[in-house]
Every structure is written in structure tokens, then in C-alpha cells.
There are 2 protein chains.
Amino acid sequence: MLEQRFIDGFEQLAPDQATRQIITHALEVFSRKGFAGTKIKDIAASAGFSQGYVYMYFKSKEEIFTKIVELASEGAGRSVQYAAELEGTAMERITWLTEAFLSPGSLAMQHWRLILLQTATSEAIPEEAKRISKEKIREPFEQLIPLIMEGQRALEIVDGDPLELAIAYFSFIQGLGIARSQATEQNSFPTTELVLRFLKRS
Amino acid sequence: MLEQRFIDGFEQLAPDQATRQIITHALEVFSRKGFAGTKIKDIAASAGFSQGYVYMYFKSKEEIFTKIVELASEGAGRSVQYAAELEGTAMERITWLTEAFLSPGSLAMQHWRLILLQTATSEAIPEEAKRISKEKIREPFEQLIPLIMEGQRALEIVDGDPLELAIAYFSFIQGLGIARSQATEQNSFPTTELVLRFLKRS
DNA sequence: GTCTATATTAAGATAGAC
DNA sequence: GTCTATCTTAATATAGAC
């Protein structure tokens, strides 16, 4: 399962239970409130610890944020890689990936929100986090582009610069993630089929 | 011109030069750094005033933010209304609107970032701003939906729930706005034609 | 009108108690 | 291991000077 992939990544890089606990909850809170809007107290409360205790595991808020951006950036790349390795035509695999992204409460989406959305308001986040994000953001694109090219060769996907198509794809996904997070009504939410129309050869 | 429409809205609701100055620069800074990430000092410096002077015109950071969300929400609705009133087929008008949104440095996009993106990280922004945003966010949709329906009747636009199509449209635009704001390379940015493929009847 | 100086509050970070 | 209390810093907001 895709979600498992992310969690694995987290567990791998977090030796003890408490660190994992903090990281997991910090991801969730940062993703909702942003870097500046998140108080250490919020993370601690969410993880079930006192405010001061967090500093036993991390030396600053910046350090927590930077760590999470690193993990989330890797997770985003891995999710696309996972989809790319599935069976089926290129378009089938992209469809699967899109469904994973758009499913409500998707951890993959949470990761994207953290990375892309936050580096959009980039001036208020730590330099180190920006650097890592900028460096790792290429990975999902590098995973998706060969898939798009495969689909173009199979005449499933529209002609044109694969990078341009990949940018359009992730932008769309990103925008839908924001829309979903504010969803007042769950009905009327765009289907995978509609979303992928711009990619499909007609 | 579309940009002028927004500026008009701002001038209308800002009696004196200093207030306008603060509002204009605050929009820009909030849009880049988010509510929590923006310090009064940043706004003041950007507008060319000292930190304390801002409090001659606004009683708190919340008040500035709330005012801007109100103006920007109205501006977003007006931009769609303006496009809807143009000459041409429904699809031509939507194309025009899309170009206005996607043009680099678009004030319309800046407004969207402020409203949608910030209410996405909604827990860290003032309640009053959330209320206004939620209330006004309907307007752009209400302006676009009749245009979509017109395009469907003229067989220019794909069949399906117009609200779903409108949500997809604004999500896509929103995502592209974020992508553009981080654009490392200006080339490879999706064209209007590609973006609107998902809407076009094939 | 505009700035500088200052009071106040909130948040980050540390250190010592249980 | 975990919390409470505390120090320190930074940001909001005010008030008084030019």
C-alpha cells in the first residue's frame, strides 16, 4: 500500500518511539498551520507531550521542520516511483497514482502540502528547509516524466513537452489538494477521469 | 484592464494615501509570507514607514489581514465577472480569463493565493478573515458556472456537473499559481491551451 | 504626520524537580 | 522519561517626542 511507503520512510529515520511520535504529529500540524503558524506547544500537545519535552529530541522548531521537509520530499518521490513500477499501461499507472493522491486524507497529499505549499510562502521558512525542498522536488518529476513519455509513445497521452505536462499534472493535483482540504461539500469534487482529460490523447 | 479592476477596488475602500499604501504592500507581503509569517515590521518597511506608524491606521495585524482578505475576495469575484461580460464564445472568454490568471505577476493570482492558500492553512488565521473568505469565495464560482453552462449548450465544453468543472478549473489555476511562484525556469510552463484541454469537448 | 523609545505579551528554548 | 518553572528573545502594541 502507498500510505505504508511513507510511514516506512518515517520509521526508518526515527530511531525511537518518541521521535516518531513527534515527527508524525508535527507533519500533521505543520501541514495545517504552516511553519510560522505552528507553535511548539501545538506539536507537543498533539503528540501528547509537554511543551518543554520536545526539546529533548529536537534542538529547535527549525530542526523539526527541516527534518520533516526532508522526509516528506522523499516520500513524494517514492509515491510516484511506486506507481511507475506497477503493472499496466502508462495511463493506468498515472490513474492509480492520481487516485492515491486524491483520496481524502491522503498522506501523500499532506506531504505535498508541506513541501510545495510552504515553499510557496517561502520567505517565512528556514533556509535549510528551502534548500532541501528545492533539491528533492525534482524527484517526483523525474519519476513521472518517463511514464508520460511511455504514454506518448503508446499514443495514450497527448503530444508535447513531457516536463510541461508533468508541471501541469502536479499543479492540478496540488490545487485539488487545497480545494479538498477546505471541502465544504464532498460531492461535486472532481473525479480522476475529469482531471486526467487534459493528459489524454483525444 | 483586469488589473485596474482590482486596484480600483482597493482605492475605493481606502480613503487616504497612507492607508492605501499599507494595504497594497500588506497584500504583497501576506501573499508571500502568510499571516503568521508576516511581521508588522515587514509591512511597514515595505510601505516605507516605521513599525509603529502602521498602528495609526490599523489597530492590529488581524485588522489589516481581515481587510485585505475582504478586498481580495471581492477582487477575485470581479475578475471572473469581468471576463464573463466580454464579447465572444464562452470558451473564448474562459481562455481570456485563464490568460489573465496565468500571466506572471498577476494581481489576480496574488489575490487567490491570499484567499485560498491561506485559508488552506486556516487554523493559523483570524476567525473573522476565515468567515469573510468562506462567504466571498462563492462569488467566483457563481460567476463561472453560468459561463460553463453556456459553453456546454454550445457544445464547446464537456458535459458534466458545472460546479465540479468550476472546482477543477479554479484548483488547476491555483496550483499553477503556486508552481509559477516557485518557477526556477520560466520555460516549460503549461500553456493556456493545455490547461483548458480538460474542459474542452473532444 | 512620522519616528523613536518603551511597555506588554507570547513564543522559543533551557534547567532543574519528580 | 517526563513535566513544571523559568529565562530569553522577538513581536505586538502604545505613548510620547520631533
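As the structure is a prediction and not an experimental result, all values here were calculated from the model. All chains are named by letter (A, B, ...) in the order of the sequence lines, taking the proteins before the strands, and each is independently numbered beginning at 1.
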Contacts to DNA chain C from residues 47-56 of chain A, heavy-atom cutoff under 4.0 Å, which residues?
A:Gln51, A:Gly52, A:Tyr55
Which of residues 30-37 of chain B have a heavy atom under 4.0 Å from DNA chain C?
none
Salt bridge (Lys or Arg N to Asp or Glu O under 4.0 Å) assessment of B:Glu135 paired with B:Arg131:
CA-CA 6 Å; B:Glu135 189 187 299; B:Arg131 222 209 64 239; 3.5 Å; yes
What I'd like to find out is whether the side chain of A:Leu176 reaches to under 4.5 Å of the side chain of A:Met109, using heavy atoms alone.
no
Output the rounded distance in Å from OH (A:Tyr57) to P (C:dA13).
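Rounding to the nearest Å, OH of A:Tyr57 and P of C:dA13 are 18 Å apart.
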Among all residues two or more places apart in sequence or in another chain, which pass the salt bridge (charged side-chain N to carboxylate O under 4.0 Å, His left out) test with B:Glu87?
none
Flag, side chain of [X] to backbone of [Y], donor-acceptor distance under 3.5 Å:
X	Y	value
A:Thr66	A:Glu62	yes
B:Ser106	B:Leu102	no
B:Lys41	B:Thr38	no

Run the side-chain donor-acceptor check on residues 115-123 of chain B: report pairs under 3.5 Å with partners two or more places apart or on a different chain.
residue: B:Gln118; atom: OE1; partner: B:Phe35; partner atom: N; Å: 3.2
residue: B:Gln118; atom: NE2; partner: B:Phe30; partner atom: O; Å: 2.9
residue: B:Thr119; atom: OG1; partner: A:Gln182; partner atom: NE2; Å: 2.9
residue: B:Thr119; atom: OG1; partner: B:Ile115; partner atom: O; Å: 2.6
residue: B:Thr119; atom: OG1; partner: B:Leu116; partner atom: O; Å: 3.1
residue: B:Thr121; atom: OG1; partner: B:Gln118; partner atom: O; Å: 3.1
residue: B:Ser122; atom: OG; partner: B:Thr119; partner atom: O; Å: 3.3
residue: B:Glu123; atom: OE1; partner: A:Arg32; partner atom: NH1; Å: 3.2
residue: B:Glu123; atom: OE2; partner: A:Arg32; partner atom: NH1; Å: 2.3

Plane angle bin for B:Phe101 and B:Phe170 - parallel if under 30°, tilted between 30 and 60°, otherwise perpendicular
perpendicular
Residue list, ring pair (Phe, Tyr, Trp, His ring centres under 6.0 Å) with B:Tyr53, at least two apart or on another chain
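Per chain and number, B:Tyr53 pairs via ring pair (Phe, Tyr, Trp, His ring centres under 6.0 Å) with B:Phe49, B:Tyr57.
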Does anyone know the first and last nucleotide of DNA chain D in reach of chain A, 5' to 3', at under 4.0 angstrom to a heavy atom?
D:dG1 to D:dT4
Please determine whether salt bridge (Lys or Arg N to Asp or Glu O under 4.0 Å) holds for the pair B:Glu150 and B:Arg153, giving the CA-CA distance in whole Å, both sets of side-chain angles, and the decisive distance to 0.1 Å.
CA-CA 5 Å; B:Glu150 193 187 323; B:Arg153 278 194 302 273; 5.3 Å; no
On DNA chain C, compare the nucleotides closest to A:Phe58 and A:Lys39; which residue's is nearer the 5' end?
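Per heavy-atom nearest nucleotide, the more 5' residue is A:Lys39.
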